[in-house]
Each structure stands twice: as C-alpha cells, then as structure tokens.
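Below you will find the structure I want to go over with you.
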Protein chains: 2
Amino acid sequence: MHEVLFKNIKTKVDLTEAEEQQLRNFFIPKRLRKKQYLLQDGDVCLYTAFVEKGLLRSYTIDEKGNEHIIQFALEDWWISDMFSFLTGEPSAYSIEALEDSELLLINRKAYDEMLIIVPKMERYLRILVQNSLIATQRRLSSKLSLSAEENYKNLIAACNNIIQRVPQHMIASFLGITPETLSRIRKQMATPK
Amino acid sequence: MHEVLFKNIKTKVDLTEAEEQQLRNFFIPKRLRKKQYLLQDGDVCLYTAFVEKGLLRSYTIDEKGNEHIIQFALEDWWISDMFSFLTGEPSAYSIEALEDSELLLINRKAYDEMLIIVPKMERYLRILVQNSLIATQRRLSSKLSLSAEENYKNLIAACNNIIQRVPQHMIASFLGITPETLSRIRKQMATPK
C-alpha cells in the first residue's frame, strides 16, 4: 500500500528499486475508522503520518472549549504535530480521522534512521517542509490581512476538494470564524449581483 | 563576515574547512541602512538573506493600506519570501531594514548549486525550514485560539529581544491588533493586581 507515498516522493527525488525496498521498512501501515484518533492532545506525537487514503484534521481546543482547526490532510498529504514529534513534548493538538483512512506511519527513530540510510530523503523532506512553510505563511498572512469572505474564496480556489468533503462548521473553524459568519458569506456569494 | 552564518550552520551539521570555503562563494555580502529595502512588494524575491548583524521585517499591505508584519529577523536568522524566491512570481511582501544591517545574500541559482556541491546543506536547510514551520504553525494556532493578551505574553516570553528593539505599533501589527489594543494590554499588565 505504499504506491501513493512512492509516487509523491518521486515527484521530488528519484528512487531506485533498492531504495523503495529500504523505505518500505520504515513505515507502519495503519487503518483508522472515521472519528478515531491518531493523536490526542496531551499525548506525545509519536508518528508522522502519510495519508494513502481518507481525510484527517488536526485541531486544538481553547480554554472556552472552542475547536480551532490547524490542518486538513487528504490522500497524498502528510500530517503530524512536528513540534511534539521532534521534541518529545506533549502535543497541544489532536489528529482525528474525518473519513475511514489508510495511513503510513513513521516514528522518530525510523525517521532519523531513514535520513541516514536513504540520504536523498533529506532533499525530499526539505522540499516538502519548504512547501508547507510557504502554505502556512500565506495562511497566516491572509488571516492577518484579508477579510473572512476573501479567505473563504481563496480556500475554494485552492482546496475545493476539501470543502466538498468536510462539514461547514469545520470550514468555519479552519477559517477562524463562526459558523454563522460563514453561512452569511455563503448566502451573499449565492445571491446574483 | 561569514562567522555568524557558519556558527549557525555548525549547530545543525558539521562543516569541513573545504566546505566553508565552497560555501563562501555562494553568498554575496550586502549592507542595508535603516529604512532601506531588500525587497519591495510587486518585485520578485531574488535573494534569501542571512542576517549577520541588524534587524529586518517582512510585511504586507492590505487594500485599506494597513501594514501586517509577517516576520522579524534578527542576527542569526534568515529572511525572504520563500514562495516568490522559489517560483519567480512577484512577491506580496516587502522586506525592510529596521536597523543598519549586514546581510549575506544567496540567489536562486547559487542556492540550487550549493545543494549539489555541498549536499549536507540539504540537511541543514531541512532542519531550518522544519523549525520555521513549527514556529509559523504555533503562531497561526495562537492567532486562532488565544486572546490578544495571551499572544503578547507569549511574544515577550519567546522574543523579548525583538520587543526591546522594535516600535510598539510594529509589535501590534505583528500580533494583528491595533496599537490602541496593545497599549491597553500593556497598561493592564503594568497595573499591580
């Protein structure tokens, strides 16, 4: 079940057959049913997960009990709490399956070993993390400088496949607005001008 | 003038004398006076900059003319618009020196060559970008879930050296709040309870 992962890696670096075989050993296949957790806040994030199939979200809960969605991850995406994974500190995030999902997990020890045994994974991960950083910076900058309506339109343009598969209140939580505000924006956008 | 850069690199990977010599060739020293720009929005970000000395900020301006600060960069930090640098698209950000600064610049061609000629820089950059991603994710998550006062307290705890060197209205812009709100928070914090 490593096809999606290897295809993803090969968009960034070449892999020999031998390297594919070596990489296979570092990943543990894992199935999650909808609503099961990969990580619960307060626990240490032991795995970085590649999504072969399905959909997950990471989120944090504030003192008032409100959920704030940090990330969605579809097929062909990675998800984890990098801070907790790398430091061994408890995570402030939870990671939950929103659909039945098939994951490939790698733990910290295997992650470090993989980078020594297949050094070109340094390049793959550098490019991957670089792209994540760009996306996260743009989201932060949009959150600081754009209106809720503009942020919603950008999300439709960039990730319409996520919007189709996720309940509206989670889209609102991802945008950092109330479900009522999102509902108002959607009505305005649906009204012919 | 590469001392701070090499010290920074050596906290993450070992460098031989020969590699230091090779790396030197990829970087262009550049001085900026206070208020000079490394990048103006609408231009392509041609360089990624390492700060040997001084202080810079990157920011974006919204349609209403309000500035939103994306990042501060002190000595020993990197700054650029990674998206524009890697894609060659015009940048939405400006990067300005807030103090007289000494930089080491690397352009895209040299960046790619460096990764081929000194492959351990893949590892250095992977770790660097990974740490930036963690910091940016935490800032986004704080922005979504914490109050302005909590965000200001976290900034003091993490980056008091920046707060000491930057005008208050820029701290407010970084936090995504008005200068009046920041002033009110500071007064409340100064009042004995």
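Lettering of chains follows the sequences in order, A, B, ..., and the numbering in each one begins at 1.
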Problem - Over 12 non-hydrogen atoms of neighbours within 6.0 angstrom of CZ in A:R31 - result: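 No, because the 6.0 Å sphere around CZ of A:R31 holds 12 heavy atoms or fewer from other groups.
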Handout entry: Per-residue contacts, residues 4-21 of chain B versus chain A, heavy atoms under 4.5 Å
Key =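 Expected list: none.
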Exercise for the section: State plainly whether one hydrophobic cluster holds both A:Y37 and A:L39, where clusters connect Ile, Leu, Val, Met, Phe, Trp and Tyr through side-chain heavy atoms under 4.5 angstrom apart. Expected result: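 No, because A:Y37 and A:L39 fall into different hydrophobic clusters, even though each may have its own neighbours under 4.5 Å.
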Problem - Considering all heavy atoms, the nearest A:S145-B:D62 contact - result: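 Minimum heavy-atom separation between A:S145 and B:D62: O-CB, 3.5 Å.
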Practice task
Pick whichever of A:H68, A:K143, A:E63 has the most heavy-atom pairs under 4.5 Å with chain B.
Solution key: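 Max contact count across the listed options: A:H68.
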Problem - chain A neighbours within residues 121-140 of chain B, where any heavy atom lies under 4.5 Å away - result: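 Counting heavy atoms that sit under 4.5 Å from chain A, the residues of residues 121-140 of chain B involved are B:E122, B:R123, B:L125, B:R126, B:V129, B:Q130, B:S132, B:L133, B:I134, B:T136, B:Q137, B:R138, B:R139, B:L140.
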Problem - Inter-residue atom distance B:I69.CD1 - A:S141.OG, 0.5 Å rounding - result: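 These two atoms lie 12.5 Å from each other.
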Problem - Common cluster, A:W77/A:I163, ILVMFWY with side-chain heavy-atom separation under 4.5 Å - result: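 In one cluster with A:W77: A:I163, yes.
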Problem - Heavy-atom contact with chain B under 4.5 Å, split by part of A:Y59 - result: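 Nothing of A:Y59, per the 4.5 Å heavy-atom cut-off to chain B.
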Exercise for the section: Grab the two heavy atoms, one from A:L144 and one from B:G176, that are nearest each other, plus how far apart they are. Expected result: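 Looks like CD2-CA, 3.7 Å.
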Handout entry: B:L98 reachable from B:L32 in the ILVMFWY side-chain graph, under 4.5 Å edges
Key =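 No; B:L98 is not reachable from B:L32 via cluster members.
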Problem - chain A contact via B:L86 - side chain, backbone, both or neither, heavy atoms under 4.5 Å - result: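 Only the side chain of B:L86 comes within 4.5 Å of chain A.
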Practice task
Answer yes or no: does atom CZ of A:R186 have more than 12 heavy-atom neighbours from other residues, nucleotides or ligands under 6.0 Å?
Solution key: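 Count not over threshold, so no.
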Practice task
Step through the shown structure and confirm whether more than 12 heavy atoms of other residues, nucleotides or ligands are within 6.0 Å of CZ on A:R24.
Solution key: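 Count over threshold, so yes.
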Exercise for the section: Is it possible for you to say whether A:Y47 and A:I106 belong to one hydrophobic cluster, with membership spreading through side-chain heavy-atom contacts below 4.5 Å? Expected result: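 No.
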Exercise for the section: Kindly work out whether a path of hydrophobic side-chain contacts (I/L/V/M/F/W/Y, heavy atoms less than 4.5 Å apart) joins B:Y93 to A:L146. Expected result: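 In one cluster: no.
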Practice task
Below 4.5 Å from any heavy atom of chain B, which atoms of A:L115 appear? Answer side chain, backbone, both or neither.
Solution key: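 Only the side chain of A:L115 comes within 4.5 Å of chain B.
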Handout entry: Under 4.5 Å from a heavy atom of chain B, the part of A:E67 involved
Key =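 Neither part, no heavy atoms under 4.5 Å.
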Practice task
Answer yes or no: are there more than 12 heavy-atom neighbours, outside B:K53 itself, under 6.0 Å from its atom NZ?
Solution key: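 It does not: B:K53 NZ has 12 such atoms or fewer within range.
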